[in-house]
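Residue numbering restarts at 1 for every chain, and letters A, B, ... go by the order of the sequence lines.
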Amino acid sequence: MRLSQLVGSRYKERPAEATLDSHAFLLRGAYARQVANGIYSLLPPGLRVVRKIERILREEMDRVGGQEVLMPVVMPRELWEESGRYQSVGNELVRFSDRTGHDMVLGMTHEEAVVHLCRNEISSHAQLPFMVYQLQTKFRDEPRSRGGLIRVREFTMKDAYSFHASQEDLERYYMECYKAYQRIFARAGVPQVAVVESDSGMMGGKVAHEFMLLVDAGEDTIVVCEESGYLANLEVAKGVVQAYPEEPKPLEKVHTPGCKTIEEVAGFLGVEARRTAKAVFYDQDAEGKLVLAIVRGDRDVNEMKLAKVIKAEPVPATDERIRAVGAVPGFASAMGLDRARVRIIIDDTVAASNNLVTGANEADYHYIYFNLSRDLPGVETCDIIEVKEGDTSIDGKGSLIFKRGIEVGNIFQLGVKYTESMGMAYNDEAGKACTPIMGCYGIGVGRLMSSAMEAYRDQYGPIWPITIAPWQVHLNAIKLAAPGVADTAEQLYAGLQAAGLEVLYDDRDARPGAQFADADLLGIPFRLVVSERNLKEGQVEWKRRDTGESGVMPLAEAVATVKGWIEQAIADINAKADAY
RNA sequence: CGGGGCGUAGCGCAGCCCGGUUAGCGCGCCUGCUUUGGGAGCAGGAGGCCGAGAGUUCAAAUCUCUCCGCCCCGACCA
C-alpha cells in the first residue's frame, strides 16, 4: 500500500472526546471514525487489524472442531419469546417492527438463533458433540458506550456454541476451548490475558470464565492474589475476612438517638464499624419476599453474590416496604421480624463475629452484644460480601489486591437453558429423547484490537504485535529527489511485496519528522528507511517499533533479512501459543 | 435514567459574561519558491447555515426557551 493513497487522514492533535490513549490513537491514526454514540466505521488500517484477529479466531476455532456459520442480525420476536429473553432482557435488546407490523429484535447474542438453526439438523447422539461459530455483527443498546472501541453498541463478535450429550463432555470440551482461547490471545500478541472466574449473569449456566487483559483503563475490577495466582472478578471474588472472636456477652438494648447509619451508631457508641451489623433491605427474592441482607458493618453487600442467593435482581427496598414488615429503617434488625414475610440472609462474617451492635427495630434504639447463633438461631448464612484489598486470599496464601481489566473474551457452560426452553432434542442409544447441553464462547474483535492498543503503546502511538499489525513493514523514503532514493525505494517496495510481505510504503515527499510521526501512529513493527546518506554506502536503515533498536544493513540483503525477522517474530509468538 | 461538561472549518481552540460592519487563531489542506533525519520557512489561497428550532431586539455566535448531539462520572452491562 502506498501511504499517499491510503484513505484516512492522520493528525497530530488529540481529539477532545478521547480520554483513553487507545481511543485517541484510533482516531489520530485513522483506524476508525465515530458515526454515532458507540457506532463506528473502520478505515483500512483498523479493518486490517480486525481481519488479522479474525483469521486467528477462525484458525483456532477450526482447530477445536468448530464449523463456521453465519446467523442474522435481525430476528423475529417469537424466537426470543421461546427462550423467555424477549421479556427478561432490558432495553439493551433493540425491539422494532417491520413494515407489516411484525415485531423484530436486533441480535445481541445468538443462543436463540443457534438453537433455531441446529434443532432441526440434529436427531441422533451420533451427531454430538459439535460446535458452530460465527464472526458477526452484534447490536446492544448499551446505556453508555465509552472508550473508543472498548465498549460500543455495534460490534463484531466471534461467538461459538457447542452441544453435548453429557455434562462430562461439555466440561471436557470447555477445557479445550479454554486452551484455544489462551492460544488465540497468545497469537494475537497478548499472552498476558488472565483467566478469571466470573458470574454468568443473564446468560444462565453455572461455570463461566472471563479472559481479562489487565490494563489501567479496564472497566472491571479483578481481584488478584499474586502469591497463589488466584484471580477473580470482584463480582464473585471470595476472600478470608479477618474475624475477631470474643466471649459472648448478654444482649442489651441501648438508646442511640438519631443514629441511623453505621458511622453514626459506631461513632456514638465509640466502637469500630466492624463491631456492628449492617442491615440492607432488597426488594425482592424470586418468591416476592422482602430480603434483609446483613453484613458486618465494615463491609458492603456484593449484590452479584446476593442475586445468586435470592435468584433475583436485588433492588434497594423503599422505606414503606420496610415498614410494612414491621422493621424500622435506620434501626432495622433481623431480630423480631416475621420470617414468613422477610427472607433473612446473614453473611458469614456476621455469623463469625460476637457482640455486634445491631438495630432494635425501634426508633432510636440498638442492641449491643448481638450473637447470631444465640440470638437468632437457624437463619440462612452465606457469603454475600464484597472483598476488600488486603483480605486474605481464599487459599490462605497471600493477600488480595485489585487490578483493572478489560474483558476480551468469555466462556460459559450454559447447560440446557436454551435447548430445553426451545425444544431441541436428540435420540440417545436407547432411542430416548434427550436435551443437549450447551456451552458458549465469545470474543469481541474490536475490543481486542483496542485493548491490545491500550496494552502496547508509547506516547507516539500503538506498538502492534507482528501477528495483528495492519502491515508488517513500514518503508520510508527520505528526500525523494535525492539521487537514487525514489528508484531504490520503489525497488525495495516491489521486492518486499514479491517476498510475500505486507508493506506500507510512505511514498510522499514529506519531511522525515512527518513521516516518522505517521509511522509511529500506524505502529508497524519493522521500519525501513531509504535515504541519500545510507544509500551512498549501499545501506538501508532499519528500526524496530517495539524496542526502538535500529541499525543499517546492505541494501541487497534487506528483503531477505526483514523477511527472516518477520518470520522469526511470528514463529516466536506461535511457539508461545502452542505451549497451551 | 441521575449528576457534570461541551457543541464555532477535517482536528485543537478563542470570541459569548458586557449583542454592533466582512467570525478569528494554530494544525491540516491547495499553489508557488526555498527546504529535507523526529510533525520546516516564506508568499498567496480554499474551506463556516457559529448543533437545530422558536423567541427578545433596529441588530444575535453572543441574551431567553425548547429540542438534538457528543464527552465524563454514576446506575446498567452477556
Side-chain angles (χ1 to χ4, degrees), chain A residues 7-20 23-24 27-30 33-39 83 85 88-93 107-112 138-148 150-153 155 157 159 161 198-205 208-211 219-220 233 235 303-304 307 313-316 406-412 414 417-418 440-444 447 458-461 476-482 485-486 506 508-521 527 529-535 541 543 548 550 552:
Chain A
V7 174
S9 54
R10 290 159 303 285
Y11 47 82
K12 192 165 22 174
E13 267 132 338
R14 187 184 178 102
E17 75 245 36
T19 50
L20 300 186
H23 188 190
L27 299 172
R28 287 186 52 208
R33 296 286 179 238
Q34 185 169 5
V35 176
N37 181 310
I39 299 175
S83 68
R85 287 207 289 190
S88 68
V89 175
N91 288 333
E92 303 85 55
L93 179 66
M108 60 193 320
T109 173
H110 280 68
E111 284 75 17
E112 285 81 359
K138 303 279 178 270
F139 194 93
R140 300 180 181 180
D141 197 0
E142 295 281 352
R144 188 173 158 216
S145 58
R146 71 193 103 179
I150 302 274
R151 183 171 207 79
V152 287
R153 296 195 293 170
F155 59 99
M157 186 177 194
D159 46 327
Y161 308 87
S198 72
D199 181 75
S200 58
M202 63 163 284
M203 297 298 296
H209 288 87
E210 290 171 338
F211 291 74
E219 303 189 279
D220 288 273
N233 196 310
E235 294 167 353
E303 294 182 357
M304 280 283 186
E313 189 68 22
V315 177
I406 298 173
E407 182 185 348
V408 288
N410 53 37
I411 56 178
F412 296 90
L414 282 180
K417 175 173 172 173
Y418 300 94
C440 75
Y441 319 88
I443 288 180
R447 180 181 282 189
D458 60 18
Q459 60 176 302
Y460 304 109
N476 290 101
I478 302 300
K479 201 174 170 183
L480 281 179
V485 169
D506 190 344
R508 303 168 306 170
D509 190 22
R511 294 177 64 84
Q515 287 198 30
F516 295 152
D518 273 346
D520 289 341
L521 265 180
R527 189 164 87 193
V529 186
V530 175
S531 69
E532 187 178 19
R533 76 179 186 200
N534 290 315
L535 205 52
E541 181 190 326
K543 183 165 187 180
S550 63
V552 292

I'd like a list of close polar pairs between nucleotides 29-31 of chain B and the protein, N/O only, cut-off under 3.5 Å.
none

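Qualifying side chain to side chain donor-acceptor pair (under 3.5 Å) partners for A/Asp458, counting only residues two or more places apart in sequence or in other chains: A/Arg545. The side chain to side chain contact (heavy atoms under 4.5 Å, CB included) search around A/Arg33 returns A/Ser9, A/Tyr11, A/Leu27, A/Ala30, A/Leu43, not counting sequence neighbours. Scanning for side chain to side chain donor-acceptor pair (under 3.5 Å) contacts around A/Arg511 gives an empty result, with sequence neighbours left out. By the salt bridge (Lys or Arg N to Asp or Glu O under 4.0 Å) test, A/Glu219 is found to be paired with A/Arg146, A/Arg151, residues two or more places apart in sequence or in another chain being considered. Listed by chain and number, the residues in a side chain to side chain contact (heavy atoms under 4.5 Å, CB included) with A/Ser83 are A/Arg85, A/Glu112, A/Tyr418, A/Ser421, A/Met422 (sequence neighbours excluded). Partners of A/His209 according to the ring pair (Phe, Tyr, Trp, His ring centres under 6.0 Å) rule, which considers only residues two or more places apart in sequence or in another chain, are A/Tyr174, A/Tyr178. Here A/Ala307 pairs with A/Pro314 under the side chain to side chain contact (heavy atoms under 4.5 Å, CB included) rule; sequence neighbours left out. Taking A/Asn476 as the reference, A/Gln515 meet the side chain to side chain donor-acceptor pair (under 3.5 Å) condition, with sequence neighbours excluded. For A/Glu532, there are no side chain to side chain donor-acceptor pair (under 3.5 Å) partners, not counting sequence neighbours.
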Give the B/S/- string for nucleotides 68-74 of chain B, one per nucleotide from 5' to 3', where a protein heavy atom under 4.0 Å of the base yields B, of only the sugar-phosphate yields S, and otherwise -. --SSSBB
Does the protein touch nucleotides 36-49 of chain B at the base, only the backbone, or not at all? Give it as B, S and - per nucleotide, heavy atoms under 4.0 Å. BBBBB---------
